[in-house]
There are 2 protein chains.
Amino acid sequence: MPPVRKERADAARNREAVLAAADRLFAERGDCEVSMDDIAAAAGVGKGTLFRRFGDRVGLIQALVARRAEALRADIEAGSTPLAPGAPADERALALLAALLGFKLANRPLMLALENAGSGSPYLSETYGPWHAQLAGLLAEARGERDADFLAHALLAAVRSDLIEHLTATGTSPADIHSGLAALARAVLSPTP
Amino acid sequence: MPPVRKERADAARNREAVLAAADRLFAERGDCEVSMDDIAAAAGVGKGTLFRRFGDRVGLIQALVARRAEALRADIEAGSTPLAPGAPADERALALLAALLGFKLANRPLMLALENAGSGSPYLSETYGPWHAQLAGLLAEARGERDADFLAHALLAAVRSDLIEHLTATGTSPADIHSGLAALARAVLSPTP
DNA sequence: CACTATACGGACCGATAGTCCGTATACGCA
DNA sequence: TGCGTATACGGACTATCGGTCCGTATAGTG
């Protein structure tokens with residue numbers, strides 16, 4: 001049963017053009033000042049094409065992020081320690097957060113746009129749930145079930161893109177952010193008396 | 001030198017009408033689905049009146065919040081321990097966060113609207129700076145200067161309105177949130193080895 | 001009562017996400 | 001190669017919203 005038709009060649013070409021143009025625009029225009037019309041124009045396609053392909057603004061941004069996040073997820077799921085299973089839970093949690101922070105620092109405008117999209121809340125984003133679940137699991141393993149859920153949310157909140165943006169904009173260096181995050185994570189991970 | 005003219009009676013009446021209508025609308029419509037036109041219509045005034053009085057959307061929301069936050073600030077600046085100066089820094093930090101969380105829980109739609117307003121980032125809001133400075137000071141006192149700035153940001157990020165909203169929407173009780181926040185704050189406050 | 005500073009209101013504007021539909025074209029098939 | 005149709009294209013169009021403008025109304029004053 002092949003009810004799935006192959007994607008038409010021009011459609012594939014346009015999809016790539018749109019992704020490339022959007023990626024470039026988000027990278028060069030610092031903040032989220034990128035409209036769908038801008039992207040369509042830069043890609044040399046009509047607006048209808050954008051929306052048919054990606055559904056809406058969030059869909060487009062998610063497609064961009066997904067492409068960049070492949071390496072990250074691979075590392076986490078099967079890659080090198082201490083990110084991968086096998087290492088102690090606390091080290092894995094630490095490495096997970098550091099990796100996430102690194103990714104957000106490396107893709108600031110895009111991640112900012114992603115978290116601002118979707119009518120405000122980043123918690124509705126499809127990607128948040130898995131991150132939270134994994135981190136909460138590690139926390140439960142490292143320090144007990146109690147409050148693990150909330151603490152995972154709190155740790156993820158500490159790497160929200162607009163906070164990162166605010167910190168870098170006010171002069172905090174990436175190294176300082178990493179240091180602060182590590183301190184926070186260690187404090188949370190150390191078992192409570 | 002009295003170059004300040006007294007506010008005209010009709011202007012005062014309208015200001016109250018607008019604040020009352022906005023308060024009601026934010027309270028009954030759960031999320032931030034309240035447009036300026038809605039508020040103007042509900043208050044029975046023209047849109048121009050809204051904007052002349054409050055400048056813009058953020059100004060109006062801040063006026064609403066300010067009115068509700070008077071009691072809170074009074075408590076913190078001169079009120080009862082352990083919120084007021086005099087108590088140990090760690091207890092004050094704990095109480096500060098709990099008070100902030102309580103306030104946000106009690107004014108969910110409004111605080112959500114406030115943090116979403118202002119072109120996205122809550123870090124540009126006038127109120128954030130003082131909160132952060134105060135908390136960072138307490139953290140520095142309780143556990144040392146190192147990372148105090150970032151940790152204050154992180155603690156405040158844990159009570160961001162959209163996270164509160166997400167938690168309550170997914171079934172977490174206010175008591176659980178308070179419990180989690182307290183655990184987080186205690187972990188952060190305990191001096192690092 | 002008249003005069004002026006102040007306020008009113010809603011038509012208007014610009015931007016932006018998202019829709020619609022007539023037109024063009026890629027591709028399987030004969 | 002030529003044909004028919006499913007698929008895709010594009011950009012005009014709509015809806016919504018924050019914010020502005022300016023002609024009109026009125027509160028306060030002497």
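Remember, it's a predicted structure, so these values are computed and weren't measured experimentally. All heavy atoms count here, side chains included; hydrogens, waters and symmetry mates do not. Letters A, B, ... mirror the listed sequences (proteins, then strands); counts begin at 1.
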Please state how far atom [atom1] in [X] lies from atom [atom2] in [N], giving the value in whole angstrom units.
| X | N | atom1 | atom2 | answer |
| --- | --- | --- | --- | --- |
| B:Met36 | C:dG14 | CE | C1' | 17 Å |
| A:Lys47 | C:dG18 | NZ | C1' | 6 Å |
| B:Arg53 | D:dG19 | CZ | C1' | 17 Å |
| B:Arg13 | C:dT6 | CZ | P | 18 Å |
| B:Ile39 | D:dG19 | CD1 | P | 11 Å |
| A:Phe54 | D:dA8 | CZ | P | 13 Å |
| A:Arg52 | D:dC9 | CZ | P | 5 Å |
| B:Asp56 | D:dG18 | CG | P | 11 Å |

Worksheet entry | Ring geometry between A:Tyr123 and B:His166 (parallel below 30°, tilted from 30 to 60°, perpendicular above 60°) | parallel
Worksheet item: Should the pair A:Arg160-B:Asp162 be classified as a salt bridge under the 4.0 Å nitrogen-to-oxygen rule?
Response: yes
Practice prompt. With DNA chain C as reference, determine whether A:Asp37 or A:Ala9 sits nearer its 5' end, using the nearest nucleotide of each.
Written response: A:Asp37
Worksheet entry | Where B:Asp149 and B:His132 come nearest, the two heavy atoms and their spacing | O-NE2, 3.0 Å
Worksheet item: Do you know which two heavy atoms are closest between A:Arg68 and A:Phe103, and how far apart they sit?
Response: O-CE1, 3.4 Å
Worksheet item: Can you tell which of D:dA27, D:dT20, C:dT16 lies closest to the side chain of B:Phe51?
Response: D:dT20
Worksheet item: When you measure from the side chain of B:Arg57, which nucleotide among D:dG19, D:dC17, C:dA17 comes out closest?
Response: D:dG19
Item to complete: Take A:Arg8 and B:Val58, find for each the nucleotide of DNA chain D with the closest heavy atom, and name the residue whose nucleotide sits nearer the 5' end.
Response: A:Arg8
